[in-house]
> 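Structure incoming, see below.
Just the heavy atoms: all of them, side chains too, but no hydrogens, waters or symmetry mates, feed the values below. To find a chain, count down the sequence lines: A is the first, B the second, and so on, and within it residues start at 1.
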2 protein chains.
Amino acid sequence: MEDRNELFGICPFVTSQKVLTGKWSLLIMYHLSKGPVRFNELQRRLPNLTQATLSKQLKALEADGMVIRKEYPQIPPKVEYSMSEIGHKFKIVLESLEVWGNEYIEYIERKK
Amino acid sequence: MEDRNELFGICPFVTSQKVLTGKWSLLIMYHLSKGPVRFNELQRRLPNLTQATLSKQLKALEADGMVIRKEYPQIPPKVEYSMSEIGHKFKIVLESLEVWGNEYIEYIERKK
DNA sequence: CTGTATCCTTGTCGATACTG
DNA sequence: CAGTATCGACAAGGATACAG
């Protein structure tokens with residue numbers, strides 16, 4: 001374990017954290033795990049996220065190879081986002097995160 | 001799924017992402033998963049992380065209930081950090097992240 | 001419908017120096 | 001040993017407006 005940047009591509013945690021930096025990445029990946037989604041539909045499911053922000057986050061995930069963007073040459077345009085192969089493998093992480101997240105929420109409630 | 005802030009404490013992914021925002025949180029949790037660690041030892045294992053930053057990240061994790069800080073009244077002072085109960089439950093997530101992270105690293109290598 | 005272009009605010013991180 | 005204080009730099013996100 002040495003430098004964060006040097007360790008990208010070496011340490012699984014450094015690498016994971018880098019890919020998951022986006023504030024909405026988990027939520028986006030979760031929605032894509034249910035199947036391909038169009039841009040507009042995704043935005044509808046993620047209120048309080050502007051078009052600009054959603055676009056940036058999707059571009060980042062696409063650049064990281066997590067997400068596949070498929071464009072249908074139509075008018076009006078149609079673009080579908082889906083999980084890539086490595087993205088699909090991430091579903092296991094999502095599942096464990098979902099379980100843990102709910103446990104954490106319970107923990108917070110008890111603490112109140 | 002509505003607002004990020006409103007959903008903290010409701011949606012497991014929103015909640016998880018909030019807890020894991022820290023740039024070093026995964027790495028710190030990983031090291032603590034091996035057992036209690038003193039401040040200095042932790043810093044030694046995490047080069048390229050200044051004392052100030054490590055201190056802030058630990059404070060954040062402690063505030064979130066992920067980490068327990070135990071202070072021994074000695075001279076020189078000794079402080080041990082360890083995983084809390086909910087922190088221990090996070091180990092499952094760490095394990096799946098480790099597996100996935102390594103798969104992702106392989107994926108990147110193949111892409112080159 | 002699916003974006004992009006700007007601009008601005010905010011938060012986070014790191015560097016450095018200092019302390020009980 | 002285990003921090004804190006301060007400061008500056010930078011990146012990420014959000015608001016708004018516009019475009020193909």
> Any chance you could measure Leu32(A), atom CG, to Leu27(A), atom CG, to the nearest 0.5 Å?
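So the CG of Leu32(A) and the CG of Leu27(A) are separated by 10.5 Å.
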> Only one of Lys34(A), Lys91(A), Met66(A) clears side-chain contact (heavy atoms from CB on, under 4.5 Å) with Met83(A); which?
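The side-chain contact (heavy atoms from CB on, under 4.5 Å) with Met83(A) is passed solely by Lys91(A) among Lys34(A), Lys91(A), Met66(A).
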> So, the side chain of Glu103(A) versus the backbone of Phe90(B): is there a donor-acceptor pair under 3.5 Å, distance only?
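Here the side-chain-to-backbone pair does not exist.
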> Could you state the atom-to-atom distance from CD of Glu62(A) to P of dT4(C) in whole Å?
10 Å
> Report yes if a side-chain nitrogen or oxygen of Arg38(B) is closer than 4.0 Å to either non-bridging phosphate oxygen (OP1 or OP2) of dC1(D); otherwise report no.
no
> May I ask you to verify if any side-chain N or O of Thr53(A) is less than 4.0 angstrom from the OP1 or OP2 atom of dG13(D)?
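So the side-chain polar atoms of Thr53(A) never come under 4.0 Å of the phosphate oxygens OP1 or OP2 of dG13(D).
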> dG3(D) C1' sits how many Å from Gln57(B) CD, rounded?
15 Å
> Whole-Å distance between dA11(D) P and Lys59(A) NZ?
20 Å
> To the side chain of Trp24(A), which of dT2(C), dG3(D), dG14(D) is closest?
dG14(D)
> Rounded to the nearest 0.5 Å, what's the gap from OG1 on Thr15(B) to CG on Leu20(B)? Could you check?
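Here the rounded value is 10.5 Å.
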> From the set dG3(C), dT16(C), dC1(C), return the single nucleotide nearest to any side-chain atom of Thr50(B).
dT16(C)
> Could you tell me the separation between the CD atom of Glu80(B) and the P atom of dC1(D), rounded to a whole number of Å?
15 Å
> Please determine, for the side chain of Lys23(B), which listed nucleotide (dG14(D), dC1(D), dC13(C)) has the closest atom?
dC13(C)
> 5'-most contact on DNA chain C: Ala52(A) or Asn40(A), nearest heavy atom basis?
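Upstream on the strand: Asn40(A).
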> Rounded to the Å, how far apart are Arg44(A) CZ and dG3(C) P?
17 Å
> Given atom CD of Gln51(B) and atom P of dT19(C), what is their separation to the nearest angstrom?
14 Å
> Can you tell me how far P of dT2(C) sits from CD of Gln43(A), to the nearest Å?
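Taking atom P of dT2(C) as the reference, CD of Gln43(A) is at 10 Å.
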> Please state how far atom CG in Leu54(B) lies from atom P in dG3(D), giving the value in whole angstrom units.
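Computing the Leu54(B):CG to dG3(D):P distance gives 8 Å.
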> Select base, sugar-phosphate, or nothing to describe what Tyr81(B) touches, counting heavy atoms under 4.0 Å on all strands.
sugar-phosphate
> Relative to the 5' end of DNA chain D, which residue comes earlier, Gly22(A) or Pro77(A), by the nucleotide with the nearest heavy atom?
Gly22(A)
> Map Lys56(B) and Val79(A) onto DNA chain C by nearest heavy atom, then report which one ends up closer to the 5' terminus.
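The residue closer to the strand's 5' end, by nearest nucleotide, is Val79(A).
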> Salt-bridged, Arg44(A) to Glu41(A), with N to O below 4.0 Å?
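Salt bridge present between Arg44(A) and Glu41(A).
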